[in-house]
Protein chains: 2
Amino acid sequence: MPGGPVGQGARVDLHTFYYNERMDTRTKLTEAMAELLWERGYAATSPHEVMARSGVGQGSLYHHFSGKRDLAVQAFRNTAADMTSAPTPLDDDGSPLERLQRYLQVPRAGVRGCRVGRMTQDPQVVADAELMTVVASAFDTMLTRWERTIGEAVRAGELPAGTVPSDLARTLAAVIQGGYVLARAQGSQEPMDAAIRGAVSLLDAARVAASHD
Amino acid sequence: MPGGPVGQGARVDLHTFYYNERMDTRTKLTEAMAELLWERGYAATSPHEVMARSGVGQGSLYHHFSGKRDLAVQAFRNTAADMTSAPTPLDDDGSPLERLQRYLQVPRAGVRGCRVGRMTQDPQVVADAELMTVVASAFDTMLTRWERTIGEAVRAGELPAGTVPSDLARTLAAVIQGGYVLARAQGSQEPMDAAIRGAVSLLDAARVAASHD
DNA sequence: GTCTATAGTGTGATAGAC
DNA sequence: GTCTATCACACTATAGAC
């Protein structure tokens, strides 16, 4: 191993190492942009910041991408694809209702916010049809999964027969998205966890009600 | 009625009339800023836009306020006070659970988003301790009301005895906040309404479960 | 494919006349 | 108290050498 910056005793900032040593320039740029979209949003992220974080120069950015918007679209497409392709407890073992409750309780860092939901509050993003398409289809994919598992729970008699899967799917997705909002409003994880606990309890109550259908 | 701009046949843009004829300069500025905070957020709103919308000149803005931040703090304090002081169905007649369900179903224009919750996604707002205090205390006031009515519903036997009011309050607040996110993501009111319907149904189920406690 | 230099625009804010 | 003119700066983007 020749004397790279990772040699013995060398202290390397994780980000710098990550970006500089293991990715091509294009990827460095999209990864840095994806992080900044999450942390700061689209409007508040400048090309200058992306270059600083990725260690890539100005000329390279405008060589690989036509500009800030192009870079953001590519980066955010990757983010949405990562999120929607990741496996969830919704497809694990267990009864449908258990899976719904397990997915609700997946750890979520409330104060960081949702990478996709965040975009929804950025006026420049909402005004951009291409970005909004990515946002909308990411939510669509997620809601479809919720709906399918909720339908299974109804058929299994774990939820009341009158349950409307498309409604409840939006309710549970909203609890998560709203949990992020509450957590950020209070600067604390606790409101997110409380909101989830309350939703899990409501599903427990619904199971009890279904058993008396 | 002397020849004001509202004389017979005169057509006056509602905004222009509203700002120009009925308010003092300070109020014109805070009202315009409050609207823009809602529509575009803090970071994305420039003093120039505030002046254009209010019809007030640059010199006046910096005479009445020390700058953009000062104006935004004053404007947003007014917004938060308006929202937290308005009466809600939570304090109306009817059983506690009915009041909770009625409040959930208050019409909310999902695509416009929540005036307070919106601030939560703006990095420059989150970094500002003064603005975040206003946000946090507005949510606090709202959550306390939810909690009180939920507690009443539990004591009335309309919700299961094991219900944790502080948890369920956050769940229901999250449904509303998340409903805004979903509505904006899809550019449609429908996801908000669906999320609310699902939450109302869950509360119905919880009432059934409570009756078997 | 990457660099440095620089353009052109809009920002938040101030100066000073009236 | 309000106006117009202007500042210094940061932004997104381009030019052109290497």
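Here is the naming used below: chain letters follow the sequence lines, and residue numbers restart at 1 for every chain.
With dG12(C), dA5(D), dG1(C) as the candidates, the nucleotide lying closest to the side chain of Pro47(B) is dG12(C). With dC3(D), dT4(C), dG1(D) as the choices, the nucleotide that has an atom nearest any side-chain atom of Ser60(B) turns out to be dC3(D). Ranking dA13(C), dT11(C), dG1(D) by closeness to the His48(B) side chain, first place goes to dT11(C). Considering only the side chain of Gln58(A), dT14(D) comes nearest among dA13(C), dG1(C), dT14(D).
Using a 4.0 Å heavy-atom criterion, one finds that Gly67(A) contacts the sugar-phosphate atoms exclusively.
Between Ser46(B) and dG10(C) there is no side-chain N or O to OP1 or OP2 distance below 4.0 Å. In terms of phosphate contacts, Tyr62(B) brings a side-chain nitrogen or oxygen within less than 4.0 Å of OP1 or OP2 of dA13(C). At the phosphate of dT2(C), OP1 or OP2 sits under 4.0 Å from a side-chain N or O atom of Thr25(A). Dashed line: the shortest gap from a side-chain N or O of His63(A) to OP1 or OP2 of dT2(C) is not under 4.0 Å.
Both the sub-6.0 Å distance and the 45° axial angle are not jointly satisfied by Arg118(B) relative to the ring of Trp38(B). Within the cation-pi definition used here (under 6.0 Å to the ring centroid, within 45° of the axis), Arg108(B) qualifies as a partner of Tyr103(B). For the pair Lys68(B) and Tyr62(B), the cation does not sit on the ring face, since its NZ or CZ is not both under 6.0 Å from the ring centre and inside 45° of the axis.
The NZ-P distance, from Lys68(A) to dT14(D), rounds to 15 Å in whole Å. Atoms CZ (Phe65(B)) and C1' (dT14(C)) sit 18 Å apart, rounded to a whole Å. Leu71(A) places its CG atom 10 Å from the P atom of dA13(D), with the value rounded to the nearest Å. Look at CG on Leu36(A): it is 16 Å from C1' on dT12(D), rounded to the nearest Å. Summarising the geometry, the separation between CD on Gln124(A) and P on dT11(C) is reported as 11 Å, rounded to the nearest angstrom. The CE-P distance, from Met51(A) to dC3(C), rounds to 10 Å in whole Å. Atoms CZ (Arg69(B)) and C1' (dG12(C)) sit 14 Å apart, rounded to a whole Å. Regarding Asp70(B), its CG atom lies at a distance of 15 Å from the P atom of dG12(C), rounded to whole Å.
Take the nearest nucleotide of DNA chain D for Gly59(A) and for Tyr42(A): the residue whose nucleotide is more 5' is Tyr42(A).
Between Phe139(B) and Val116(B) the shortest heavy-atom distance is CE1-CG1, 3.7 Å.
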Item to complete: Check the pair Met33(B), Phe76(B) against side-chain contact (heavy atoms from CB on, under 4.5 Å), reporting the backbone distance first and the verdict last.
Response: CA-CA 8 Å; Met33(B) 178 52 111; Phe76(B) 188 58; over 6 Å; no
